[in-house]
Q: 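Would you mind keeping the following structure in view while I ask a few things?
Proteins get letters first, then strands, A, B, ... in listed order; numbering begins at 1 in each.
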There are 2 protein chains.
Amino acid sequence: MTIKEVAEAAGVGVATVSRVLSGGSASPETRERVLAVAAQLDYRPSALGRNLRQRRTGGMGLLVPDLTDTFYGRLAEGVLSCARTAGEPVMVGSTGGDPEQEAELIGMLLEQSVDRVIAVPAGGPDAWAPAIRSGMTVVFADRLPGEPASEDSEDSESGYDEPLDELEALDGLPRRARTPAAPDLPAVLADDRAGIRTAVRYLRGLGHREIAFLGNTGHASRVAAFREATDDGLVVLAEVSRDAAYAAASGLFQSNPDVTAVLAGGNVLGEAAVLAARELDLRIPRDLSLIMFDDVPWAELCAPPLTVISQPARDLGYRAAELVLRADGRRRPRSVLLPTELIIRGSCGPRLKK
Amino acid sequence: MTIKEVAEAAGVGVATVSRVLSGGSASPETRERVLAVAAQLDYRPSALGRNLRQRRTGGMGLLVPDLTDTFYGRLAEGVLSCARTAGEPVMVGSTGGDPEQEAELIGMLLEQSVDRVIAVPAGGPDAWAPAIRSGMTVVFADRLPGEPASEDSEDSESGYDEPLDELEALDGLPRRARTPAAPDLPAVLADDRAGIRTAVRYLRGLGHREIAFLGNTGHASRVAAFREATDDGLVVLAEVSRDAAYAAASGLFQSNPDVTAVLAGGNVLGEAAVLAARELDLRIPRDLSLIMFDDVPWAELCAPPLTVISQPARDLGYRAAELVLRADGRRRPRSVLLPTELIIRGSCGPRLKK
DNA sequence: CTGAAAGCGCTAACAG
DNA sequence: CTGTTAGCGCTTTCAG
């Protein structure tokens, strides 16, 4: 079933069929006839020809660290749902939070001429600059590309300084005040700064002083926000993986017996914290108060139910997809910051220990 | 950067470049030179041209009901991981368990000329027959396409009778004994029959007689297995969604106070069961024993920890991807059945109530 | 308003 | 072993 056969069957030229099918101009009668014939033959224009002609693959790419983490699952659902509405295909890749794998996947997308991607970045800005420079429209979700957070640095914005300069220079945009919360790269983010600030305040109100952050290597902004809210409280970081998360949590608890409250930077870390605490016979919330970033269904089933900072994961993906799809023009999409909310359940109590 | 420029730069014809890059024959010197030039220009052959030429898009499609459900997330990770190894792109679609959306996504894949797909089917065999007939290699995962399970039918195999005849006829294969457990369609499945049998036996051993199954509409084989193991025990079905699952669980408990044990057919249903039980003040395991199909990290965090039937979700996806990739020949891939395991934790107790 | 024609980048015959 | 050539199905000038 090619456009040619349809053209012949309708007694018109291929150009006319093409026009009609893509909403171009045509006399009502012709349009009618072509549409009828196409329907009758149930012709579907092949994306192959169109793609080659336009030198670009339709649809979009989606890169996430790990679909096993429900947060990214929800985010992906948001993207897919928006894409389905638009009838666009989505190529999905899982990076494992590893810049190398991410680079390979970017390469793959380039090879496929996918020129719109939404990504939860693993690598730094330098990993993305070439792709962006080559014309790819990328909208970041959940976080911006930056140097990985470090556990000891005193400079909470170190991950953003250089990268931002470089990327802003790319578009010749004016340099802006450096604000890790909303730098000048297209992104859809949760307002983790506010969420973390609220959570820390809440813990402080319960009397906690020794508060630790159990975070992801990749989430520089959360680490920064935590440092800012606590004046450089203890930070322990883990790579993307349940094992790493457990190891980090376990290490945190064992090496820092004076810590009375922990803020877990994601649901996998929260899960690891609960597990590790249980293993070490730390009672929640008596011995240890816990707040988890990202609300998940099981948080309520947990004993005790977990106090969480919820974030609109699905919307993050949906909005990012909208942005990347709308970005047909020359201008880069603007960023979006979505609200977070502290949901108090039963995993935090007054500080007793010490 | 086209193949032509590389050819010129290397002083050879485009065909030679093409050959060298796809491992064809060429004199060592030529190969060397071409490779060098290509590397130096960091040329990446465009998938666009190749796809059109070969009238097929590389890579594979993946259709799942819902990435929000960690089971499908894990399955998807398996697929992506295998695909990444092979350097193949994956187009992912989420069907919501809805045959209509599935049909649209199949249409999209057809339009993209994706001729290899792995799917957790929502629609029946008739939804897939056209695609398969048109040359698409599809490997099913987690379940086979079949009429949706029904809550009242006495015929546990009704979902397979017609469908199988039709699809087998497609390939002119000999008709086989109708066995819902491993029909003659390429598929990678968990051995839910064995898992459910074991679970039911375990519950029986604890004294339970009134055992109910809380299942998915789409999972006919689990319903069948449960009916077989219990001589038509009570079955309540829910669509794909947390709300539907909760409603079903709640309805089940309220309408059937004599039920002392429940087998939840998936992690979302298990979650709903725990929630609903809690809401109705049913104590687990005192008032109600619960076994959940599919092990998830939070099952251990739950109070009490959930006894589950674990299944190798990730392997399901990985193996399916392997099959679909290897299916380059004319023959259809054979099916695979992966083992399940009953993991006893704390959500089942002796029958006390009555 | 419509048709003819020129490719998009690549591979696979087919000659040489 | 290598170059030339003919398209794959589609969109898009460019004439008519």
Side-chain angles (χ1 to χ4, degrees), chain A residues 1-35 37-38 41-59 87 89 108-115 134-135 328, chain B residues 1-38 41-59 87 89 107-115 134-135 328:
Chain A
M1 253 311 64
T2 80
I3 201 179
K4 203 172 156 195
E5 309 181 52
V6 177
E8 279 171 9
V12 299
V14 292
T16 303
V17 177
S18 176
R19 277 192 217 99
V20 170
L21 265 45
S22 24
S25 62
S27 80
E29 315 139 22
T30 320
R31 144 167 282 105
E32 201 75 13
R33 189 146 35 94
V34 170
L35 252 25
V37 173
L41 270 52
D42 82 13
Y43 163 72
R44 314 194 51 119
S46 160
L48 261 35
R50 183 182 342 153
N51 289 346
L52 178 54
R53 179 61 228 246
Q54 302 178 160
R55 296 134 125 251
R56 59 183 288 279
T57 293
M108 192 212 71
L109 292 175
L110 250 19
E111 188 167 322
Q112 302 290 328
S113 303
V114 172
D115 62 352
S134 81
D328 282 326
Chain B
M1 245 326 49
T2 79
I3 200 179
K4 204 172 156 194
E5 309 181 52
V6 177
E8 280 171 10
V12 299
V14 291
T16 303
V17 177
S18 176
R19 275 191 218 101
V20 169
L21 266 44
S22 20
S25 63
S27 80
E29 315 137 24
T30 321
R31 142 168 285 105
E32 202 75 15
R33 189 148 34 94
V34 171
L35 252 26
V37 172
L41 270 51
D42 81 12
Y43 163 72
R44 311 194 54 118
S46 160
L48 262 35
R50 181 180 344 145
N51 289 346
L52 177 55
R53 178 62 229 247
Q54 302 179 158
R55 297 133 128 260
R56 59 182 290 279
T57 294
M108 192 213 70
L109 292 175
L110 250 19
E111 188 167 323
Q112 302 291 328
S113 304
V114 172
D115 62 353
S134 81
D328 281 326

Q: According to side-chain hydrogen bond (donor to acceptor under 3.5 Å, both in side chains), does anything in residues 17-28 of chain A pair up with another residue at least two apart or in another chain? List the pairs.
A: A:Ser27-A:Thr30

Q: For A:Ser46, check side chain to side chain contact (heavy atoms under 4.5 Å, CB included) against everything at least two apart and list the hits.
A: A:Leu48, B:Ser113

Q: A side-chain contact here means heavy atoms from C-beta on lying under 4.5 Å apart; do B:Leu109 and B:Thr57 qualify?
A: no

Q: Does anyone know the first and last nucleotide of DNA chain C in reach of chain B, 5' to 3', at under 4.0 angstrom to a heavy atom?
A: C:dG9 to C:dA13

Q: By side-chain hydrogen bond (donor to acceptor under 3.5 Å, both in side chains), which residues pair with A:Glu111, not counting sequence neighbours?
A: B:Arg44

Q: Does a side-chain N or O of B:Ser27 approach OP1 or OP2 of D:dT2 to a distance below 4.0 Å, or not?
A: yes

Q: Which residues pass the side-chain hydrogen bond (donor to acceptor under 3.5 Å, both in side chains) test with A:Arg56, not counting sequence neighbours?
A: A:Asp115

Q: For residues 1-8 of chain B, dump all side-chain donor-acceptor pairs below 3.5 Å to protein atoms at least two apart in sequence or in another chain.
A:
unit_1, atom_1, unit_2, atom_2, d
B:Thr2, OG1, B:Lys4, N, 3.1
B:Thr2, OG1, B:Glu5, N, 3.4
B:Glu5, OE2, B:Met1, N, 3.3
B:Glu5, OE2, B:Thr2, N, 3.1

Q: Atom CG of B:Asn51 and atom C1' of D:dC10: how far apart are they, to the nearest Å?
A: 14 Å

Q: In whole Å, I'd like the distance from the CD atom of B:Glu8 to the C1' atom of D:dG3.
A: 13 Å

Q: Please compare B:Leu52 and B:Gly11 by the position of their nearest nucleotide in DNA chain D and report the one closer to 5'.
A: B:Gly11

Q: Which parts of nucleotides 11-16 of chain D does protein reach within less than 4.0 Å, heavy atoms only, written one letter per nucleotide 5' to 3' as B for base, S for sugar-phosphate only and - for none?
A: BBB---

Q: A:Val34 versus A:Val12: any side-chain heavy-atom pair under 4.5 Å?
A: yes

Q: What is the minimum heavy-atom distance between A:Ala9 and A:Leu41, and which atoms define it?
A: CB-CD2, 4.3 Å

Q: Any heavy-atom pair between the side chains of B:Val20 and B:Arg33 that's under 4.5 Å?
A: no

Q: Estimate the overall bend of the helix from C:dC1-D:dG16 to C:dG16-D:dC1 from the end axes over five pairs each, rounded to 10 degrees.
A: 40°

Q: Answer yes or no: are there more than 12 heavy-atom neighbours, outside B:Gln54 itself, under 6.0 Å from its atom CD?
A: yes

